[in-house]
Undergrad: 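I'd like to ask some things about the structure below.
Order of the sequence lines fixes the chain letters, A, B, ..., with proteins taken first and strands second; residue numbering starts at 1 for each chain. Just the heavy atoms: all of them, side chains too, but no hydrogens, waters or symmetry mates, feed the values below.
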Amino acid sequence: MSIEYLQVAEDEGEEPIELPTEDDGTLLLSTLSAQFPGSSGLKYRNPESKSFRGVRLSEGRLHPPPDGGWGSQMFYCVFPKENKRKSDDNLENSTAKTKRMETKLRCTDLIVLGLPWKTTEQNLREYFETFGEVLMAQVKKDPKTGQSKGFGFIRFASYESQMRVLAQRHMIDGRWCDVKVPNSKEGLIQQVPCKVFIGRCTEDLTADDLREYFGKFGEVTDVFIPKPFRAFSFVTFLDPEVAQSLCGEDHIIRKKNRGVSVHVSNAAPKSETRGGGAYGNPRSARWGRSSWPKPRRWIRWSGRLWHIPTTV
DNA sequence: GTTGAGCGTT
């Protein structure tokens, strides 16, 4: 039995790669992703109308065009679109820009922290498949006992799924788990913080209060309130631009017949504030410490002091 | 009472 291959290229004018199809004639999205990481689908030129046609995707399988199958025509990758575009970005067009975006929007492995001991790789995969195709799921275990270490890794095929998953906490087998870009990958991919720090919270401010209030600026994907009460909390937005736009501001959250004045600022990783002194620098943690070496001077930004690096 | 726990034998 011979395997059928189809020609796929990243874009028009790019060198194609031949990809093998399955017994039922479909192409697995995972086969596509293996060669074109981050690709979320396929399209081809309709010879008559000259416009692009999308290839049907169902349950991780790409189906051959109903008229004439895969044939010998060229198929092109589709990548998840940035859902937000600034107006002047539209002026700057085409390939250079597209290329740049593709390298930034590549998926990476993601670490899943706080897993219940009983969670298996199969459980992990099944949970995250509701967000999109999962290319890899692993639970780290003690090699001797086989006991889970309580964390694992996952990788998605599409950047959109990755963004969604990063923007919220996850209830997996009865425990809240965090998904993050692993420390080893920091600096290799672009990360704009979606999470903000809310200072001056009062004890009666609930997660629902915060969700409702901040929800009017954009979709809120997570609210974290430390227990016991600590007078601060974290709010995560789906859109990092919304998060950034609020940083540095004071907001009044209505509570019965009074208002609580809270302060919004960047959420700096705890490791930063612990290790190197009184102030954290969110950039060094998000973009990789190595690219931001010795601090030289300070600036005030978003209501607090930040280091400015000596060199770039 | 203004910064959250945890990071990969390949």
Undergrad: When the distance from CZ of Arg155(A) to P of dG8(B) is rounded to whole Å, what number comes out?
TA: 17 Å
Undergrad: In terms of heavy-atom contacts, does CD of Glu59(A) have more than 12 from other residues, nucleotides or ligands at under 6.0 Å?
TA: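 Counting other residues, nucleotides and ligands, CD of Glu59(A) stays at 12 neighbours or fewer.
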Undergrad: Between dT2(B) atom C1' and His251(A) atom NE2, what is the distance in whole Å?
TA: 15 Å
Undergrad: Could you check how far CZ of Arg200(A) sits from C1' of dG1(B), rounded to whole Å?
TA: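 In whole Å, dG1(B) C1' and Arg200(A) CZ are 14 Å from each other.
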Undergrad: Could you check whether the side chain of Asn183(A) and the base of dG8(B) have a donor-acceptor pair of N or O atoms closer than 3.5 Å, going by distance alone?
TA: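 Check fails, no donor-acceptor contact within cut-off.
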Undergrad: Mind calculating the distance between NZ (Lys149(A)) and C1' (dC7(B)) to the nearest angstrom?
TA: 10 Å
Undergrad: Output the rounded distance in Å from CG (Asn266(A)) to P (dT3(B)).
TA: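 So the two atoms are 14 Å apart, to the nearest Å.
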Undergrad: For Phe153(A) and dT9(B), give me the distance from atom CZ to atom P, rounded to whole Å.
TA: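 It works out to 8 Å between those atoms.
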Undergrad: For a ring-ring contact (aromatic ring centres under 6.0 Å, His included) check, start with the C-alpha distance between Phe234(A) and Phe197(A), then their side-chain angles and the critical distance, and finish with the verdict.
TA: CA-CA 5 Å; Phe234(A) 294 98; Phe197(A) 174 85; 5.6 Å; yes
Undergrad: Indicate whether any N or O donor in one side chain lies under 3.5 Å from an N or O acceptor in the other, for Thr202(A) and Asp204(A).
TA: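 Looking only at side-chain atoms, Asp204(A) and Thr202(A) do form a donor-acceptor pair, the distance falling under 3.5 Å.
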Undergrad: At 4.0 Å (heavy atoms only), tell me whether Pro182(A) reaches a base, stays on the sugar-phosphate, or touches nothing.
TA: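 If one applies the 4.0 Å heavy-atom cut-off, Pro182(A) turns out to touch a base.
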Undergrad: Report yes if a donor N or O on one partner sits less than 3.5 Å from an acceptor N or O on the other, where the partners are the side chain of Lys140(A) and the base of dG6(B); otherwise report no.
TA: no
